[in-house]
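Below you'll find the structure, written out as structure tokens, and then a few comments.
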Amino acid sequence: MLLTSHDRAPRPATDTARTPSTDACSAPEARIGALQTTRRLKAVTRRLKAALVASAASVCLVAASASPTPLGVGDRLFPYLGNPGYDVTAYDLSFTYPGTNDKPLQAVTTIDALTTAPLSRVNLDFARGKVASVEIDGEPASFAAAGEDLVVTPDEQVPQGQRMRITVRHTSDPLPSGGREGGWLRTADGLAMANQVDAAHLVFPSNDHPSDKAHFTIRITAPEGYTAVANGLPTSVRRVGAATRWTYRTQHPMATELAQVSIGRSTVVRRTGPHALPLRDVVPTRHRAALEPWLAKTPDQISWMEGKVGPYPFETYGVLVADTSTGFELETQTLSLFERELFTDPAFPQWYVDSIMVHELAHQWFGNSVSPRTWSDLWLNEGHATWYEALYAEEKSNRPLEARMRAAYGASDRWRAAGGPPAAPKAPESDSRLGIFRPNVYDGAALVLYALRQEIGRPAFERLQRAWVSRHKDDTATTADFVSLASQMAGRDLSDFFQGWLYGEKTPPMPGHPDWKPTAAQPTAGPKAMEPRKTAAE
């Protein structure tokens, strides 16, 4: 995510308390394929026998009768996101748009998953919308809400290592609820998604944490005159009565926060990128001509990024221009979200817009293909995207990288005091779920990369960048993984170096620049303290 407005902050959101769990018996899970009756009888028999000789089984049976409880995977910043005990392999999302963006969509979410523990209940993250029914492997299951969880109780305990399919029929509501915004983003002519950090479960039931990536199939049905686009490539477009149904499928796993669906009176602009990569941009039809000069830049920007870090990691790319005012841009996988005014407001200079486009493009490698294992690893996303944003501005628009890094160094101690060190950011305030997007994880984290390049030299640094995105492609990674790989590329242990730069309360001396010093605090006004993008770039 990139905050782009100097006088706007991320929109506030309320928090609903949920309880992390270490109880494998009550952890959520999913499986594929309906169980045969004989297998059910055998499973019941095994459970009854085990109950006579093993206390663990009896604990699970008792847990099944307890009140539904919300769970979490224990993320340091968002401890109540996600659910332990299962890995999602695939989502199949189906949305029916009613023709107006102020009414709920009818939806069906199907989740295929593999259990990693025996489960008496299956917890899903879901906090907005009405649930009509839930099935597990085609059989009806009871369900209840608990905090921001949908708690599903199968007719029998699901064993560890079992594939399972959960189908939820529900509504998907684009309206804020109780002050909580996120998920569906209302535009002038329809809807788009903005699910970062923790809002995918406001749109569809899910295991809403970036550590559990999965493949997606997305189906959208909309009335005549609307165009629907989603992550990945289209697999079919067909008429359904007076409406049209579009189906898209990803070829690579994706975190829930990166899901994107655009529904509007849009035009899809197609062109070809490097190596015959299919590109498609989605723009409001009435702004098509005005936006074309910006859209035409994407192929060269992709080529530039490939020259820095290697092949583009996905099956397609494009720019989604939303006709709305958001104050941020978002790196949704294969289809980055931008607010229209970034391209049409003359207050934004051309070099700045170019660099912001590269920022979101760089996220396709850093954050999307290589996703953070926890939200404390966010600096790996935003620091690298900011690094290539700044490097592009230097190479293409003569905006010196060193000058930007020196300014960042001067402010770094203040950023650390306000938001924590880059790899240990402070938790967001309860009324601002996007509060982790502070300067310390943008220019503060890019400053760490600059210090690393100063420390190990440009050749080793560039080998590290390429190795990082290649080694962890389509996977998740941690700060410890980055430190280990950097040490390998440098040929020496860099643990002490990273300890200070990533976790220190004060910014260490900059290698090669002993004259760089922290600068005196400058006055800020409210949200601007959280808004690093324009102030750092100008």
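Predicted model only: the values in this text are computed from it and were never measured.
Asn101 and Gly190 get closest at one heavy-atom pair: ND2-O, 3.0 Å. In this structure, Pro84 and Val73 approach most closely via the heavy-atom pair N-CG1, 3.9 Å. Scanning all heavy atoms of the two residues, the minimum distance from Leu191 to Leu105 falls at CD1-CD1, 3.7 Å. Across Ala194 and Leu337, no two heavy atoms sit closer than the pair CB-CD2, 4.4 Å.
Judged purely by distance below 3.5 Å, without hydrogens or angles, the side chains of Asp377 and Thr479 pair a donor atom with an acceptor atom. Between the side chains of Arg265 and Thr285, no donor N or O sits under 3.5 Å from an acceptor N or O. A donor-acceptor contact closer than 3.5 angstrom is absent between the side chains of Ser266 and Tyr226. Of the N and O atoms on the side chains of Arg288 and Thr267, not one donor lies less than 3.5 Å from an acceptor on the other residue.
In this structure, the separation between CG on Asn123 and CG on Leu71 is 4.0 Å, given to the nearest 0.5 Å. Taken to the nearest 0.5 Å, the CD atom of Gln333 stands 6.5 Å off from the CD atom of Gln364. We find the CD-CG distance between Glu382 and Asn440 to be 11.0 Å, quoted to the nearest 0.5 Å. We find the CD1-OH distance between Ile166 and Tyr91 to be 9.5 Å, quoted to the nearest 0.5 Å. To the nearest 0.5 angstrom, Asp475 atom CG is 11.0 Å from Ser211 atom OG. Note that the OG atom of Ser371 and the CD atom of Glu257 stand 7.0 Å from one another [nearest 0.5 Å].
For Phe343, the ring-ring contact (aromatic ring centres under 6.0 Å, His included) partners are Trp294, Phe338, not counting sequence neighbours.
Taking the six-membered ring where the residue is Trp, the centroids of Phe126 and His170 are separated by under 6.0 Å.
The salt bridge (Lys or Arg N to Asp or Glu O under 4.0 Å) pairs that include a residue from residues 206-234 are Asp92-Arg219, where partners are two or more places apart or lie in different chains. Under the salt bridge (Lys or Arg N to Asp or Glu O under 4.0 Å) criterion, no residue pair touches residues 94-106, with sequence neighbours excluded. Applying the salt bridge (Lys or Arg N to Asp or Glu O under 4.0 Å) test to pairs two or more places apart or on separate chains, none has a residue in residues 244-255. Within the structure, ring-ring contact (aromatic ring centres under 6.0 Å, His included) pairs that include any residue of residues 235-292 comprise His252-Phe314 (at least two apart or interchain). Here salt bridge (Lys or Arg N to Asp or Glu O under 4.0 Å) pairs that include residues 360-376, with residues two or more places apart or in two chains, are Arg373-Asp481.
Trp375 and Phe437 have perpendicular rings, their planes meeting at more than 60° on a 0 to 90° scale where under 30° would count as parallel. Ring geometry for His363 versus His359: interplanar angle over 60°, hence perpendicular rather than tilted (30 to 60°).
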Report task. Could you give me the CA-CA distance, side-chain angles and deciding distance for Thr324 and Leu185, then say whether side chain to side chain contact (heavy atoms under 4.5 Å, CB included) is met? Result -> CA-CA 9 Å; Thr324 187; Leu185 177 68; 3.9 Å; yes

Requested in this report: Evaluate the side chain to side chain donor-acceptor pair (under 3.5 Å) criterion for residues Thr187 and Asp189: first the C-alpha distance (whole Å), next the side-chain angles of each, then the deciding distance (0.1 Å), finally the verdict.
Outcome: CA-CA 5 Å; Thr187 68; Asp189 59 353; 3.1 Å; yes

Query - Criterion ring-ring contact (aromatic ring centres under 6.0 Å, His included) on Trp365 and Tyr312, from CA distance to verdict - result: CA-CA 7 Å; Trp365 285 265; Tyr312 177 75; 5.5 Å; yes

Query raised in the report: Can you check side chain to side chain contact (heavy atoms under 4.5 Å, CB included) on Val108 and Val168, steps first, answer last?
Result: CA-CA 6 Å; Val108 180; Val168 184; over 6 Å; no

**Report entry** Worked check of side chain to side chain contact (heavy atoms under 4.5 Å, CB included) between Asn195 and Leu258
**Finding:** CA-CA 7 Å; Asn195 294 332; Leu258 300 174; over 6 Å; no

Report task. May I have the step-by-step check of side chain to side chain donor-acceptor pair (under 3.5 Å) for Tyr317 and Ser336, ending in yes or no? Result -> CA-CA 8 Å; Tyr317 185 66; Ser336 292; 2.9 Å; yes

Requested in this report: Before giving the answer on ring-ring contact (aromatic ring centres under 6.0 Å, His included), spell out for Trp184 and Phe95 the whole-Å C-alpha distance, their side-chain angles and the decisive distance to 0.1 Å.
Outcome: CA-CA 12 Å; Trp184 288 114; Phe95 302 103; 5.4 Å; yes

Query raised in the report: For Glu329 and Ile356, what are the C-alpha separation, side-chain angles and deciding distance, and is it a side chain to side chain contact (heavy atoms under 4.5 Å, CB included)?
Result: CA-CA 8 Å; Glu329 325 305 326; Ile356 297 310; 3.9 Å; yes

Query raised in the report: Going through the checks in order, is the salt bridge (charged side-chain N to carboxylate O under 4.0 Å, His left out) test met by Arg270 and Asp281?
Result: CA-CA 7 Å; Arg270 304 186 187 278; Asp281 302 309; over 6 Å; no

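Residues Thr217 and Leu93 are not in side-chain contact: their nearest non-hydrogen atoms beyond the backbone lie 4.5 Å or more apart. Side-chain contact between Leu391 and Trp304 is present, with at least one heavy-atom pair separated by less than 4.5 Å.
Checked for salt-bridge contact, Arg286 and Asp323 meet the test: a charged N lies under 4.0 Å from a carboxylate O. Looking at Lys297 and Asp354, a side-chain N of the basic residue comes within less than 4.0 Å of a carboxylate O on the acidic one, giving a salt bridge.
In this structure a side-chain-to-backbone donor-acceptor pair under 3.5 Å is missing from Glu315 to Thr250.
Under the side chain to side chain donor-acceptor pair (under 3.5 Å) rule, His209 has a single partner from Asp75, Asp198, Asn83, Thr476, which is Asp75. Screening Leu320, Val282, Val229 for a side-chain contact (heavy atoms from CB on, under 4.5 Å) involving Gln260 leaves a single residue, Leu320.
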